[in-house]
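Each remark here refers to the structure printed beneath this line.
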There are 2 protein chains.
Amino acid sequence: MVELSSYINEKFFLSLHASKRFVEIMTPLSFHEGELIIEKGKINNKEYLLLEGICRSYVVNGQGADITLSFFTDNSCIPPNLVRTKSDRSILNIQALTDVKLLTFPTEKLMNLMSTHREIELWANAILQKELMQKVEKEINQISLHAKERLIHFRDQYPALENILPHSYIASYLGITNVSLSRIRRELVNP
Amino acid sequence: MVELSSYINEKFFLSLHASKRFVEIMTPLSFHEGELIIEKGKINNKEYLLLEGICRSYVVNGQGADITLSFFTDNSCIPPNLVRTKSDRSILNIQALTDVKLLTFPTEKLMNLMSTHREIELWANAILQKELMQKVEKEINQISLHAKERLIHFRDQYPALENILPHSYIASYLGITNVSLSRIRRELVNP
DNA sequence: GGTTGTCATTAACATTTGATAAGAATAGAA
DNA sequence: TTCTATTCTTATCAAATGTTAATGACAACC
């Protein structure tokens, strides 16, 4: 338990004191590659910290196409319950893309910690803001950059992913087809 | 004052009791067409309800192009401070596109109301969720629909705007050029 | 009424991206 | 290993969208 709190302290930018409060409410959780962590439409009232592995959020659109909205890597927070649920039900799927290790805790217990610990309140709000900033930034990129530039930006943001993940996930994240992705990759190698 | 609270009660889906609490902290505010309500980079710690008129949020991208992110119409909430600021500074511009009337109140006072009135807490969270849902929905549309379908969807969502606003705002919102928008408009009239 | 400026439309051409299908490459299973 | 299945790449052609520039529409102003 002592180890875990110092791990959280280090990786999630919380004081040791706050980290210990977190450890008291958390449960470890793991999934295998390909498994669904959160399923669209299902009740969910938990928060998640991703310790190891890679995940993605995705939805299935009207044409039945699977569209990746975000990727999540080591030592990051899965988006807060508040931003991925409506009436307590998930509005998207979150899937393990590798074997993953998580920590989970009830949203309600986080709320309690937030109301009693100013640091935790600020921390949680900062996560929410970061989430939103990323959405705004992606929206701007999607609107104002060409696919090639979006791929360059993606490589910047997630240097490891392109060589690990199925390209179909990356293509839908970038808003292009697999074929276009392949074409752009070639152009970037051999301009 | 009595009028205002019953107006809020009716238009913003709050109980009369909660509306009265709001009226106590609110200040009326108005802008003329074209004026900036919120300026990127400036300190902002207020919330806004839009009573009359139309606004948009926008940013200027790396190439100097003005990109509209969202439109806001009568009796809706400007996105919460939390989602449009970083370190208390606005991350985007909000502009009046017509003469507008607003109500404004300090974010801190909203926080106080949220912690003492469960109804207001739920109300504020619902607004945040709606904001996020719209972003997710727009992202999915942007990725998986063609420009023509996006325009149809836009007309559905904002029936009045196309005939009132400069098309450059609408085009950048849809992620296309003015010329493409004009082309698509013709195709929809004369298929 | 004419002038000016702004914005929308149209045209012509270039570029990007999509759709489809056919070949490599790769990893697993028999 | 060989076979199979999946995924990535490549090629070809079509469709969508961008770029640039010219034209048209319209309102504001003199």
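Letters A, B, ... are given to chains in the order of the sequence lines, protein chains preceding strands, and every chain is numbered from 1.
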Taking side chain to side chain contact (heavy atoms under 4.5 Å, CB included) as the definition, give me every residue that meets it alongside [X], ordered by chain and number, with sequence neighbours left out.
X: B:Asp74; value: none
X: A:Glu10; value: none
X: A:Ala18; value: A:Leu14, A:Ser15, A:Glu119, A:Ile120

(request) Would you tell me whether A:Asn9 and A:Ser19 have side-chain atoms, one donor and one acceptor, within less than 3.5 Å of each other? (result)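 The criterion, which ignores hydrogens and geometry beyond distance, is not satisfied for A:Ser19 and A:Asn9.
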(message) For a quick check under 3.5 Å, do B:Asn44 and B:Arg84 share a side-chain donor-acceptor pair by atom type?
(response)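 There is such a pair (donor and acceptor under 3.5 Å, judged by atom type) between the side chains of B:Asn44 and B:Arg84.
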Would you mind listing the cluster partners of [X]? Hydrophobic ones only (ILVMFWY), side-chain contacts under 4.5 Å, chaining allowed.
X: A:Phe31; result: A:Leu29, A:Ile37, A:Ile38, A:Tyr48, A:Leu50, A:Val59, A:Ile67, A:Leu69, A:Phe72, A:Ile78, A:Ile91, A:Leu92, A:Ile94, A:Val100, A:Leu102, B:Met133, B:Val136, B:Ile140, B:Ile143
X: A:Leu36; result: A:Tyr58, A:Val60
X: B:Ile43; result: none

(request) Take B:Arg56 and B:Asn93 through the side chain to side chain contact (heavy atoms under 4.5 Å, CB included) test and state the conclusion after the steps. (result) CA-CA 8 Å; B:Arg56 67 165 183 143; B:Asn93 302 290; over 6 Å; no
(message) Checking A:Arg155 now: which residues fulfil salt bridge (charged side-chain N to carboxylate O under 4.0 Å, His left out) with it, not counting sequence neighbours?
(response)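 Applying salt bridge (charged side-chain N to carboxylate O under 4.0 Å, His left out) to A:Arg155 gives A:Glu162.
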(request) Extract, from 5' to 3' on DNA chain D, the first and final nucleotides lying under 4.0 angstrom from some heavy atom of chain A. (result)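 Boundary nucleotides touching chain A, in 5' to 3' order, are D:dC8 to D:dT12.
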(request) Take nucleotides 7-14 of chain C nucleotide by nucleotide from the 5' end and write B, S or -, depending on whether a protein heavy atom sits under 4.0 Å from the base, only from the sugar-phosphate, or from neither. (result) -SBBBB--
(message) Can you give me the bend angle of the helix from C:dG1-D:dC30 to C:dA22-D:dT9? Use the axis through the first five pairs and the one through the last five, nearest 10 degrees.
(response)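 Rounded to the nearest 10 degrees, the bend comes out at 30°.
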(request) Would you mind listing every side chain to side chain donor-acceptor pair (under 3.5 Å) that reaches into residues 30-41 of chain B, with sequence neighbours excluded? (result)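 Applying side chain to side chain donor-acceptor pair (under 3.5 Å) to every pair that reaches into residues 30-41 of chain B, excluding sequence neighbours, yields B:Glu39-B:Lys42.
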(request) Using heavy atoms and a sub-4.0 Å distance, could you list which residues of residues 142-163 of chain B are near DNA chain D? By number, please. (result)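 Heavy-atom contacts with DNA chain D come from B:His146, B:Ala147.
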(request) Working to the nearest 0.5 Å, report the span between CD of B:Gln157 and NE2 of B:His153. (result)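 Answer for the CD-NE2 pair, B:Gln157 versus B:His153, is 5.5 Å.
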